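Beneath this line is the structure, given in structure tokens, with notes to follow.
What you see is a predicted model; the values in this text were computed from it and never measured.
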Amino acid sequence: MLSEDSKFMKPYNPLDTEKRIYEMWEKSGYFNPDNLPSADKGPFTIMMPPPNANGRLHVGHALFVTLEDIMTRYKRLCGYKALWLPGTDHAGFETQVVYEKKLEKEGRSRFEFTREELYAEIMKFTLEHKANTEDDLRSMGASCDWSREKSTLDADIIKVVYATFKQMSEDNLIYRGKRIVNWCTKHQTSLSDLETNAETRTDKLYYMQYGPFVIATSRPETKFGDKYVVMHPDDTRYSQYKDGDKLPVKWLEGEITATVVKDEAIDMEFGTGVMTITPWHDMADFEIAKRHNLSGVEVIDKNGKLTDVAGEFKGLKIEVAREKVVERLKELGLLVKEEAYEHNVITCYKCNRILEPRIMPQWFVKMEPLAKPAIDAVKNGEIKIIPDFQEKIYFHWLENIRDWNISRQIAWGIPIPAKICSNPGCDYGAVDLDDEMTGKCPKCGEGELIVDPDTFDTWFSSGQWPYATLGYPDHSDFKKFYPTDVMETAADILFFWVARMIMLGLYRTGKIPFHTIYLHGMVRDGARQKMSKSKGNVISPVEIGEKYGTDALRMALIVGNTPGVDMALAEDKIKGYKLFANKLWNITRFVLSNADFAQYDKSFADYTEEDNKLRENRNNLIVDITADLDNYRFHLASEKLYHYIWDEFASNILENSKNIFLSGEDKAKISRQQFLLHTLEKILIVLHPFMPFVTEEIWQSLEKDSLLMIEKWPVE
RNA sequence: GCACCUUUAGCUCAGUUGGUUAGAGCGUACGAUUCACAUUCGUAAGGUCGCAGGUUCGAACCCUGCAAGGUGCACCA
């Protein structure tokens, strides 16, 4: 029976509880599956999507932590050797951008540093944030195995990444080539197709006289040196011109000789059906030039300024140059007309500046051979994506995949272990893991072999996370825990990360990296607005945890939140689950005031008819919830538990128990006491994955000499 | 342009393979209680399940078309 000074006489106080409970768990060693005393089932593994070590965790992270912790705790309770492997991501470009913003705020610039200095600075910055991230994960109750924690810059991870790079090179899946890439003039790096946004803009379309033709362009400043004029082979308007015809043309730089090219890529309906091409600065033009083996010139440099080719316009920025070039065209009488024109421009997803397509030697991964097995793995059901509609999106992307530019011209990242040719015109490159190659370039014979200054796209390394973290190929962890079970992550990195993990995992290990992908949506505020610092509607998980308790936040994030769909999180919802934690607290107080765990009889059987009925209902519910958990229906499992505990157990059963304890027969009293004790015990276990802190705290008061986190799941 | 998602009570959302009077939380209204509850309990109002067709004994759920909002992908100068 409860004493007057029992902690249950006061409301539940999460702030006083959570840290203490977490330390108890961590000290127990049970986050490490090797230490689980009675795990009689196989391994269950989740790789934590490593948070970027460049800021505090936000409420979106809280969602993934909660989901993965629920899965891990549930499986641990079911007797699996549950491994949830935590980590952090150096997040190459992302982090460098964050760091540069910090420098800008301080009135500094990254150009004050050498590459080595910048790397060291960002490393320091990253390590600080890594510590913050770990604290935040602990405060959210993450039951992950800290003894196996990894970072993407750990030496053993880099070793695996390098070995993959080498093998891919040997298998002819990696090539270095001069290809047109997305170039950001602010960040001074190329970007993959995924790191770009398309933005609809209205600009002017200029029609210009080009010899006997009228051509249209939105970018007159790139038209220096255009000497190929292209039209569709079937266009009868121009049938008098043959492929390869040479024509004298009066153009920006004076009299030039233009060559006629016929190509089916030309849309006869658009403009005049004739265009000139700028292979250095336009994706489509580049393709045409490649087909016809045409040469091109660089008109715009890395800083977005015109080159020598532009003569007197040299050094001007694009916007300025455009106006001046149009003026010149007018003077020359070459401008026919201008009209408003709506089109898409490709912008940097970080700074929104228009990306300048340019030709550069870069490292590319051939994606088609990798994509095919990845498509098959999902098609044949080896890998399941939840929600299933995401499979369509996955197929659509993989079936139309383009080669992946994995080199970045930034300091912060894993260096590419290769030698390249010092001659900027030469695209030679070779993998050189042991830094052995020296001498003249074997391709052009002019340049010297130098260390490639570029770094890997961060997704090239994080794409190898599941097997790299487990010590592929030799470590016993790899043999034991790979393939992993569930990949739980945000729906918006399906392409960036998930698809690449499948491709690289299949390529490198020959096995799928995980059999189930659970994708969650974005967390928005109560009014469905995106959370952002500038709007001031950001919910900080640590602050909210302090105010309402982490358990309350976790429940608010799970109940009614279906996979793959964005959710709205209002503070009132969190408050509601704080009350729920307190409800559970008071339920315990009531039960312990009327029954005693010292009298708990594990095999008690002398229940009244009424209590047997209640037992049946309770057990059915637990079976039902177990099925929900097995099928990743966490939103339903949590809601059912909530309702059973509040509306059935508290409102009906406890109310009704008052009469029994007041005036019932002894047999009924004893039966009900046992029912309450058993039910409270089972509720605590089943609720534990969702609300680990309050359930463990109550468990510790039940005169049980054990941790709730390693109890046995109560399916009878 | 192509694809995908969403559309259910004032708000935010559930509704697990089509099956009886469509559910929850919050909010609202009224009442009760402080007897486990820094409260809680009860009662109530509130929905043409986006629109229009179709399949079915039966549709919020399946099919077709349309509309609105959102997202992704790709592009023609």
Roughly how many Å apart are [M] and [N], using the [atom1] atom of each and rounding to a whole number?
N: rA9(B); M: rC49(B); atom1: P; value: 10 Å
N: rG27(B); M: rC66(B); atom1: P; value: 42 Å
N: rG25(B); M: rA14(B); atom1: C1'; value: 10 Å
N: rC2(B); M: rA74(B); atom1: C1'; value: 8 Å
N: rG1(B); M: rG47(B); atom1: P; value: 38 Å
N: rG23(B); M: rC62(B); atom1: C1'; value: 22 Å
N: rA59(B); M: rA45(B); atom1: C1'; value: 28 Å

Looking for any heavy atom pair under 4.0 Å, which part of the strands does [X] touch: base, sugar-phosphate only, or nothing?
X: Asp628(A); value: base
X: Ser651(A); value: sugar-phosphate
X: Ile625(A); value: nothing
X: Tyr341(A); value: sugar-phosphate
X: Asp267(A); value: base
X: Leu654(A); value: base
X: Thr276(A); value: nothing
X: Phe8(A); value: nothing
X: Ala570(A); value: nothing
X: Ile266(A); value: base
X: Arg633(A); value: base
X: His343(A); value: nothing
X: Ile587(A); value: base
X: Glu655(A); value: base

For the residue pair [Y] / [X], report whether a side-chain donor-acceptor contact shorter than 3.5 Å exists.
X: Ser190(A); Y: Asn405(A); answer: yes
X: Thr278(A); Y: Lys223(A); answer: yes
X: Tyr600(A); Y: Glu681(A); answer: yes
X: Thr196(A); Y: Asn182(A); answer: no
X: Arg672(A); Y: Asn656(A); answer: yes

Quick one: is [X] getting a side-chain N or O under 4.0 Å of the [N] phosphate, OP1 or OP2?
X: Lys10(A); N: rA36(B); result: no
X: Trp646(A); N: rU40(B); result: no
X: Asn400(A); N: rA3(B); result: no
X: Lys640(A); N: rU16(B); result: no
X: Asn561(A); N: rA14(B); result: no

Just compare [options] and give me whichever is closest to any side-chain atom of [X].
X: Pro11(A); options: rG72(B), rA38(B), rU40(B); result: rA38(B)
X: His643(A); options: rA36(B), rA24(B), rC4(B); result: rA24(B)
X: Leu194(A); options: rC4(B), rA38(B), rC73(B); result: rC73(B)
X: Thr562(A); options: rC4(B), rA77(B), rG15(B); result: rG15(B)
X: Phe495(A); options: rC73(B), rG15(B), rC26(B); result: rC73(B)
X: Glu639(A); options: rC76(B), rA36(B), rA14(B); result: rA14(B)

Length of the line joining [X]:[atom1] and [N]:[atom2], which is rounded to integer Å:
X: Lys227(A); N: rA77(B); atom1: NZ; atom2: P; value: 23 Å
X: Met522(A); N: rU12(B); atom1: CE; atom2: P; value: 17 Å
X: Asp388(A); N: rU17(B); atom1: CG; atom2: P; value: 12 Å
X: Phe213(A); N: rA77(B); atom1: CZ; atom2: P; value: 20 Å
X: Glu399(A); N: rC2(B); atom1: CD; atom2: C1'; value: 13 Å
X: Met555(A); N: rC26(B); atom1: CE; atom2: P; value: 13 Å
X: Phe590(A); N: rC41(B); atom1: CZ; atom2: P; value: 14 Å
X: Glu342(A); N: rC76(B); atom1: CD; atom2: C1'; value: 14 Å

Of Lys658(A) and Gly560(A), the one whose closest nucleotide on RNA chain B sits nearer the 5' end is Gly560(A)

Whichever of His396(A) and Lys573(A) has the more 5' nearest nucleotide on RNA chain B, that residue is Lys573(A)

Check for a donor-acceptor pair, side chain of [X] on one end and backbone N or O of [Y] on the other, with a separation under 3.5 Å.
X: His58(A); Y: Gly60(A); result: yes
X: Lys262(A); Y: Tyr241(A); result: yes
X: Arg589(A); Y: Pro11(A); result: no

Margin query: Between Leu629(A) and Trp713(A), does the side chain to side chain contact (heavy atoms under 4.5 Å, CB included) criterion hold? Intermediate values first, please.
Written below: CA-CA 12 Å; Leu629(A) 286 168; Trp713(A) 190 257; 3.5 Å; yes

- Taking the six-membered ring for Trp and the full ring for Phe, Tyr or His, determine whether the centres of Phe690(A) and Phe580(A) are under 6.0 Å apart. no

Under a 3.5 Å limit on both distances, the Watson-Crick or wobble mate of rG47(B) is none

Nucleotides 44-47 of chain B: which of its N/O atoms have a protein N/O under 3.5 Å away?
none

field: Ile574(A) and Leu569(A): CA distance, side-chain angles, deciding distance, side chain to side chain contact (heavy atoms under 4.5 Å, CB included) verdict
entry: CA-CA 8 Å; Ile574(A) 305 166; Leu569(A) 180 68; 4.0 Å; yes

Interface polar pairs with nucleotides 6-11 of chain B, N/O, under 3.5 angstrom:
none

For residues 488-497 of chain A, dump all side-chain donor-acceptor pairs below 3.5 Å to protein atoms at least two apart in sequence or in another chain.
| unit_1 | atom_1 | unit_2 | atom_2 | d |
| --- | --- | --- | --- | --- |
| Glu488(A) | OE2 | His520(A) | ND1 | 2.4 |
| Trp497(A) | NE1 | Ser462(A) | O | 2.8 |

(request) Measure the shortest side-chain to side-chain distance between Ile180(A) and Asp285(A) over non-hydrogen atoms and say whether it is less than 4.5 angstrom. (result) no

For His635(A) and Thr562(A) the tightest heavy-atom approach is NE2-CG2, 3.4 Å

